[in-house]
Structures are given as structure tokens and as C-alpha cells.
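Throughout, numbering of the chain's residues begins at 1 and tracks the sequence.
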Amino acid sequence: MKIVRCVSCEGYGWITDEFTGETEDCDWCQGTGYVYRDTNGIDHPIPPSDYGKVADQLERLESERMRDLGYTGTAKHPKDQAIRQGDD
């Protein structure tokens, strides 16, 4: 099956209720932002047991999504992030 961006949450992994402002994980993708699409075009959540198998694909797709949003930076490992080192 092909991995695609969740059409319900547009890859964010969460939904914000327009009326209450509450945010919760997307029901379609279960918070991942991506789903399996079968040969019939039907979307299915990616089971947690598959995360290890598809982690590289998800990282690549997420990088593409961020580029689509205009992000031009690169990811930093948490130990290299100033906010996690106490630097401001």
C-alpha cells in the first residue's frame, strides 16, 4: 500500500474543533498525519506495529510537507536545539 498525507487533517495529525477550539488527534490517521491508501483508493490508518517499517518514508513525507508550507530549515537533533540546552 502507498503512504499518503491524511486528507482529513492535511498531514498535521490533529483536528481543531471550530466551535470549541479543542484540539485532538485526527481519527482517520490516529495522529500520524499519514495513512495507507490501498489499490481501491481507500485510506487506512497505519498500525503502530508498522511504524518501524515505514519511519523513513514518514520522515521523507513530513519533510516534503514542511517544504510545501514554506519551511526552509533542517531538522536538528534535540541535543542540538538551543531551547533544550537552556540557551535563549
Side-chain angles (χ1 to χ4, degrees):
M1 283 196 266
K2 181 178 177 182
I3 298 176
V4 297
R5 194 177 301 173
C6 177
V7 296
S8 180
C9 67
E10 299 177 338
Y12 285 95
W14 67 84
I15 301 289
T16 302
D17 186 296
E18 296 176 23
F19 301 106
T20 66
E22 293 180 15
T23 302
E24 59 185 35
D25 282 351
C26 174
D27 288 335
W28 282 36
C29 66
Q30 300 174 348
T32 63
Y34 298 89
V35 294
Y36 282 139
R37 180 164 294 156
D38 67 24
T39 56
N40 295 320
I42 299 171
D43 293 347
H44 306 272
I46 299 171
S49 60
D50 285 4
Y51 291 162
K53 300 175 209 170
V54 299
D56 289 339
Q57 285 179 287
L58 293 174
E59 284 291 325
R60 181 182 52 76
L61 290 167
E62 186 62 7
S63 291
E64 289 175 15
R65 186 179 79 83
M66 295 303 291
R67 297 278 183 253
D68 290 346
L69 294 171
Y71 181 73
T72 58
T74 58
K76 289 185 179 180
H77 190 278
K79 70 180 175 96
D80 298 327
Q81 296 174 4
I83 195 157
R84 298 186 188 269
Q85 297 172 355
D87 300 341
D88 290 321

A side-chain contact here means heavy atoms from C-beta on lying under 4.5 Å apart; do Arg5 and Tyr34 qualify? yes
Heavy-atom side-chain proximity of Trp28 to Ile15 below 4.5 angstrom: no
Atom CE in Met1, atom CG in Asp43: separation rounded to 0.5 Å? 10.0 Å
Honestly curious: do Trp14 and Val7 fall in one hydrophobic cluster under the side-chain, below-4.5 Å linking rule? no
Can you name the nearest heavy-atom pair linking Val54 to Tyr36, along with the distance? CG1-OH, 3.6 Å
All heavy atoms of Gly33 vs all of Cys9, minimum pair found to be CA-SG, 4.1 Å
So that I can tick it off, tell me whether Arg65 and Glu62 are bridged by a salt bridge, with the cut-off set at under 4.0 angstrom between side-chain N and carboxylate O. yes
Other residues, nucleotides, ligands: >12 heavy atoms within 6.0 Å of Asp80 CG: yes
Might you point out which heavy atoms bring Gln57 and Ile3 nearest each other, and give the distance in Å? OE1-CD1, 3.5 Å
If I compare all heavy atoms of Asn40 with all of Asp38, which pair ends up nearest, and what's the gap? N-OD1, 2.9 Å
Compare every heavy atom of Gly13 with every heavy atom of Cys29, then report the nearest pair and how far apart it is. SG-CA, 4.1 Å
Co-members of Val35 in a cluster of I, L, V, M, F, W and Y side chains, linked at under 4.5 Å: Val4
Would you say Asp68 and Glu10 make side-chain contact, with heavy atoms under 4.5 Å? no
Go through the structure and list residues passing side-chain hydrogen bond (donor to acceptor under 3.5 Å, both in side chains) with Thr23, not counting sequence neighbours. Thr16
